[in-house]
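Below is one structure, written out as C-alpha cells; comments come after it.
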Amino acid sequence: MPLSFEIAQPRLMVWEIAEEEVFWLDRLEFSATMREEWSHCHPGHRTEWLATRWLAAELSGQNPPSYRKDERGKPWSVDGDGQFSFSHTRGWAAAMLSDRAVGVDVQRLEEKTLRIRHKFMLPEEIALGEAEPDNFPGFAHVHWCAREAVYKAHGLRGLDFRADILLEPFRFDPSGGLLRARTRKNGAEKEFEVFYRPLRDAMLAYATPFEMP
C-alpha cells in the first residue's frame with residue numbers, strides 16, 4: 001500500500017502494510033544493531049518490524065537507518081542528537097524522528113483491548129467514555145495509545161500506566177484531536193502534548209514535550 005500519511009515536524013511516517021516480507025528485505029539494508037534485533041524478532045512480527053525500519057531509513061535519509069539504543073531501550077540517531085520512536089501493529093507501521101523526546105504508538109482496534117480497559121484506564125476515565133457508548137471503542141484505544149506514546153517519549157522504565165501517566169479529560173473526536181498528559185514519578189513531573197488520529201482499523205497517537213508558547 002502507499003504511504004498512509006506523513007507530517008513534517010516532528011517527522012512522522014505511517015504505512016498501511018499490504019506487502020510481504022520480501023518486499024521490505026529487497027529495499028532495506030541491515031546495520032549490526034538491526035541484525036541483533038532481527039535475530040530476536042518474533043516470526044509473526046517480522047514484516048511489521050521491517051516496515052518500521054524502512055520508514056526510519058526514509059526519515060533519516062540513511063539506509064540502513066543509523067541508530068543505537070540507550071540503557072533504557074530508547075533508540076537514538078548515531079550521527080546526531082535525534083530521537084527515533086517505532087511502533088507497529090498488525091497491518092500498520094509508524095516511525096518518528098525528532099530533535100526532542102518523542103513517542104509514537106499505533107494499535108489495531110480490537111475487542112480484547114476493551115475487555116482489559118481497567119488495566120490502563122482509571123475508573124473515572126471509563127465512566128466518562130461509557131457515557132458516549134458509540135465513541136467508547138475509539139476513546140479507550142486513545143487512552144492505550146496515548147499512554148504508550150508518553151511512556152516512550154518519557155524514556156524512563158518503570159512508569160505505571162495508570163498511576164504515573166495522567167491524561168487530562170477530553171472528549172473523543174472521530175476525526176482526531178489533541179490532549180494533554182503528564183508523568184509523575186519520584187516527585188518529578190513532565191508535561192506532554194498527545195495527538196491522536198483514527199486510522200482505517202487502528203488508532204495512532206504520538207507524544208511530544210509540552211512547551212509554553
Discussion item. For a 4.5 angstrom cut-off between non-hydrogen side-chain atoms, does Glu20 reach Thr47?
Written reply: no
Discussion item. Minimum heavy-atom separation for His42 and Gly44, please, with both atom names.
Written reply: ND1-N, 2.8 Å
Worksheet item: Charged N to carboxylate O under 4.0 angstrom, Glu124 versus Arg162?
Response: no
Worksheet item: Can you tell me how far the CZ atom of Arg90 sits from the NE2 atom of His45, to the nearest 0.5 Å?
Response: 10.0 Å
Worksheet entry | Residue pair Lys152 / Ser87, side-chain heavy-atom distance below 4.5 Å | yes
Fill in: Ion pair Glu16/Arg200, N-O distance below 4.0 Å
yes
Discussion item. Minimum heavy-atom separation for Pro209 and Ala101, please, with both atom names.
Written reply: CD-O, 2.9 Å
Item to complete: May I ask you to test the Val194-Leu178 pair for a side-chain heavy-atom distance under 4.5 Å?
Response: no
Worksheet item: Please, which pairs that meet ring-ring contact (aromatic ring centres under 6.0 Å, His included) have at least one residue in residues 106-130, sequence neighbours excluded?
Response: Phe120-Trp144
Worksheet item: For the residue pair Glu110 and Gln107, what are the closest heavy atoms and their distance?
Response: OE1-NE2, 4.1 Å
Worksheet entry | Pairwise side-chain contact, Met96 with Gln83, heavy-atom cut-off 4.5 Å (strictly under) | no
Worksheet item: Is Glu48 close to Thr89 at the side-chain level, that is, under 4.5 Å between some pair of heavy atoms?
Response: no
Discussion item. When you measure from the centre of the six-membered ring of Phe23, is the NZ or CZ of Arg27 closer than 6.0 Å and no more than 45° off the axis?
Written reply: yes
Practice prompt. Starting at CG of Asp173, measure out to CG of Asn135 and round the result to the nearest 0.5 Å.
Written response: 8.5 Å
Worksheet item: Quick check, are the ring centers of Phe136 and Phe172 under 6.0 angstrom apart?
Response: no
Fill in: Parallel, tilted or perpendicular: ring planes of Trp38 versus Phe30, cut at 30 and 60 degrees
perpendicular
Worksheet entry | Heavy-atom closest contact (Ala163 atom, Asp160 atom, distance) | N-OD1, 2.7 Å
Worksheet item: How long is the span from the OG1 atom in Thr183 to the NZ atom in Lys190, to the nearest 0.5 Å?
Response: 6.5 Å
Worksheet item: Does the pair Glu191 and Arg180 meet the rule for a salt bridge (Lys or Arg N to Asp or Glu O under 4.0 Å), with working shown?
Response: CA-CA 7 Å; Glu191 293 190 56; Arg180 292 276 296 277; 2.6 Å; yes
Worksheet item: Are Phe192 and Tyr151 near enough that their ring centres are under 6.0 Å apart?
Response: no
Discussion item. For a quick check under 3.5 Å, do Asn63 and Trp54 share a side-chain donor-acceptor pair by atom type?
Written reply: no
Worksheet item: Between Glu6 and Arg11, does a salt bridge (Lys or Arg N to Asp or Glu O under 4.0 Å) hold up when you go through it step by step?
Response: CA-CA 7 Å; Glu6 179 177 7; Arg11 297 207 63 197; 3.1 Å; yes
Fill in: Note, Glu37 side chain near Ser31 side chain (heavy atom, < 4.5 Å)
no
Discussion item. Is there a ring-ring contact (aromatic ring centres under 6.0 Å, His included) between Phe139 and Tyr196? Walk through the geometry before answering.
Written reply: CA-CA 10 Å; Phe139 182 80; Tyr196 68 89; 9.2 Å; no
Fill in: Closest contact, heavy atoms only, Gly103 versus Ser85
CA-OG, 3.4 Å
Item to complete: Starting at CZ of Arg182, measure out to CD1 of Ile165 and round the result to the nearest 0.5 Å.
Response: 12.0 Å
Worksheet item: What distance separates Lys119 NZ from Thr113 OG1, expressed to the nearest 0.5 Å?
Response: 11.5 Å
Fill in: NZ/NE/NH1/NH2 to OD/OE distance under 4.0 Å, Arg184 and Asp164
no
Item to complete: Please confirm whether Trp24 and Trp15 have ring centers closer than 6.0 angstrom.
Response: yes
Worksheet item: What is the distance from atom CZ of Arg35 to atom SG of Cys41, rounded to the nearest 0.5 Å?
Response: 14.0 Å
Item to complete: Take Glu132 and Arg171 through the salt bridge (Lys or Arg N to Asp or Glu O under 4.0 Å) test and state the conclusion after the steps.
Response: CA-CA 9 Å; Glu132 297 186 22; Arg171 187 169 183 176; 3.0 Å; yes
Discussion item. Is the distance from the ring center of His143 to that of Phe170 below 6.0 Å?
Written reply: yes
Practice prompt. Might you point out which heavy atoms bring Ala95 and Leu59 nearest each other, and give the distance in Å?
Written response: O-CD1, 3.4 Å
